[in-house]
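Remarks on the structure that follows.
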Amino acid sequence: MHNFLQQLPKVELHLHIEGSLEPELMFTLAQRNGIKLPYSTVQEAKDAYQFSNLQGFLNLYFQGMSVLRNEDDFYDLAMDYFKRARGEGVVHIDMHFDPQAHLQRGLPLEEVMSGLLRAKQEAEETLDLSIGMIMAFLRDRPADEALHVLEQAAPYWKMIDAVGLDSAEIDNPPIKFVDVYQRAKELGFMRVAHAGEEGSASYIQEALDQLEVTRIDHGVRCLENTALVERLCREQVVLTVCPLSNVSLNVVENLRDHPLPQLLAEGLKVTISSDDPAYFGGGMLANHFACAEAFGWGEAVFRQLTRNAIEEAFVTEERRIDLLARLDAL
Ligand code: ADE
Ligand code: ZN
């Protein structure tokens, strides 16, 4: 099974590039930029990654990314993850990035975008890895700030596939961003949003109705509403489920209690992603191994999950056909 999961042409639809910052690279960048970290060793940083909820994680996530200061840092961050993911048999990544988290620290958007886009281009040319770009808005910041960032990103619109919504979910309902998503729709962007991770099933419904998203990031709490589950099935809305993330943030107590098998049994279009692999115990392969062990899934389940992800990935139709062919050939 391990060999099969390594060979599987995995597609990751839910990855925060800032959450792929491994402590080793964090130390390297801190040194390069003359920044003092609150940890004295890599091990000390890893030991601090014990979270009781989403907010506890977000505090360290924003602190960690403070070492990113210029274009080269963003390039190194992304290439480091792309190479690691490719080594795990990943062939496509739809990558969230959080511009507001960097603008707030006084970095120009150009530093962020040029570093990430240079890494994307190099990965696509040299690694046989395609990359989708999801510009995410921080939902605990004001909606007019998000709208401003969307407009400010005009020079990069052509290179961005979708807008997303992340950060602290509770008390920041999707409807707060209805104008931002309306504008994104006018501009022709695909739309995704985190919903139903810590927030209730009503946030999933609101994201579908008010933001007109085609994907729900996480979405595991949909099971609390039968009518919603039926709708998600009928419309085949993809759920980007992140098993190890849900365990780390106490969305579930342990993986064996995770609703993934039930989500599949309901006929939902489920996929598996790592979310923030540097913080939650590993990347795509670790998430696949953990599911194989916890749920006893055979190859057919993983093939279906991968097919779902390939069908929904932000790729050219040519690339999609190629990836489906690779899956069928395995
Ligand atoms: N930002 C990075 N990871 C996140 C998650 N799992 N939920 C919400 N916001 C995030
Ligand atoms: Zn996420």
Side-chain angles (χ1 to χ4, degrees), residues 11-22 26 49-66 68 77-78 81 85 93-105 112 116 132-141 146 149 162-174 176-177 191-200 203-204 206-207 211 213 215-222 238-252 255 258 260 270-284 286-287 309 312 314:
V11 164
E12 178 161 46
L13 300 185
H14 181 168
L15 177 275
H16 301 265
I17 197 66
E18 295 92 342
S20 76
L21 176 63
E22 291 292 338
M26 185 166 73
Y49 296 172
Q50 306 282 342
F51 313 110
S52 49
N53 55 29
L54 176 57
Q55 190 58 56
F57 154 69
L58 289 168
N59 295 342
L60 292 200
Y61 169 78
F62 290 119
Q63 180 182 79
M65 69 175 80
S66 68
L68 302 165
L77 167 73
Y81 183 64
I93 301 165
D94 280 339
M95 165 177 86
H96 278 73
F97 59 100
D98 283 332
Q100 283 158 288
H102 312 301
L103 291 167
Q104 260 179 313
R105 299 185 289 116
V112 180
L116 295 180
M133 302 282 286
I134 303 175
M135 186 166 78
F137 303 116
L138 301 180
R139 68 199 304 157
D140 45 355
R141 306 277 310 166
V149 172
V163 295
L165 194 59
D166 60 10
S167 201
E169 186 179 7
I170 290 174
D171 295 332
N172 293 295
K176 178 175 164 189
F177 293 90
R191 296 168 305 283
V192 307
H194 284 53
E197 178 187 18
E198 280 194 344
S200 72
Y203 279 21
I204 300 173
E206 207 173 286
L211 307 185
V213 298
R215 269 190 208 171
I216 296 289
D217 292 316
H218 295 293
V220 289
R221 289 189 60 186
C222 70
V238 73
L239 304 183
T240 65
V241 178
C242 305
L244 291 179
S245 162
N246 291 156
V247 175
S248 289
L249 300 187
N250 285 312
V251 171
V252 295
L255 197 52
H258 197 284
L260 257 167
V270 175
T271 64
I272 287 181
S273 295
S274 72
D275 206 5
D276 299 282
Y279 292 92
F280 300 149
M284 283 293 271
N287 273 274
E312 299 293 334
F314 299 141

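Indexing begins at 1, ligand by ligand and atom by atom, following the structure's order. Side chains included, hydrogens not; waters and symmetry mates left out as well; all remaining heavy atoms used.
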With sequence neighbours excluded, tell me which residues meet side chain to side chain donor-acceptor pair (under 3.5 Å) with Glu22. none
Atoms named by residue and atom, protein N, O or S, within reach of the Zn ion (ligand 2) (under 2.8 Å): His14 NE2, His16 NE2, His194 NE2, Asp275 OD1
Going by atom types only, do Asp98 and Tyr61 share a side-chain donor-acceptor pair under 3.5 Å? yes
Could you tell me, atom by atom, which parts of ligand 1 come under 4.0 Å of a heavy atom of His218? 6 (N)
Identify the protein heavy atom lying closest to atom 6 (N) of ligand 1, giving its residue, its atom name and the separation to 0.1 Å. Asp275 OD2, 2.6 Å
In terms of ring plane angle, is the pair His14 and His96 parallel, tilted or perpendicular, where the classes change at 30° and 60°? tilted
Ring pair (Phe, Tyr, Trp, His ring centres under 6.0 Å) against Tyr279, all qualifying residues, sequence neighbours excluded: Tyr49, Phe57
Do the side-chain N and O atoms of Glu198 and Tyr203 include a donor-acceptor pair separated by under 3.5 angstrom? no
Residues in salt bridge (charged side-chain N to carboxylate O under 4.0 Å, His left out) contact with Glu312, at least two apart in sequence or another chain: Lys269
For ligand 1, is there an atom lying under 4.0 Å from some heavy atom of Gly19? no
Looking only at heavy atoms, is any part of Asp98 under 4.0 Å from ligand 1, and if so is it the side chain, the backbone, or both, or is it neither? neither
Please check whether Ser245 reaches ligand 1 - meaning an N/O of the residue sits under 3.5 Å from an N/O of the ligand, judged on distance alone. no
Ignoring hydrogens and angles, state whether a donor on the side chain of His16 or Asp275 is under 3.5 Å from an acceptor on the partner side chain. yes
Considering heavy atoms of the protein only, find what lies nearest to atom 1 (N) of ligand 1 and give residue, atom and distance to 0.1 Å. His16 CE1, 3.6 Å
Donor-acceptor check, side chain of Ser273 to backbone of Leu13, threshold 3.5 angstrom: yes or no? yes
Taking the six-membered ring of Phe314 as reference, does the cationic atom of Arg215 (NZ for Lys, CZ for Arg) lie under 6.0 Å from its centre and within 45° of its axis? yes
Please determine which of His218, His194, Arg139 meets the side-chain contact (heavy atoms from CB on, under 4.5 Å) test together with Glu169. Arg139
How far is atom 3 (N) of ligand 1 from its nearest protein heavy atom, and which residue and atom name does that atom have? Asp276 OD2, 2.6 Å
Need the ligand 1 atom indices (1-based, order shown) with element for anything under 4.0 Å from a heavy-atom of Glu197. 5 (C), 6 (N), 7 (N), 8 (C)
Nearest non-hydrogen contact to atom 9 (N) of ligand 1 from the set Ser273, Ser167, Cys242 belongs to Ser167
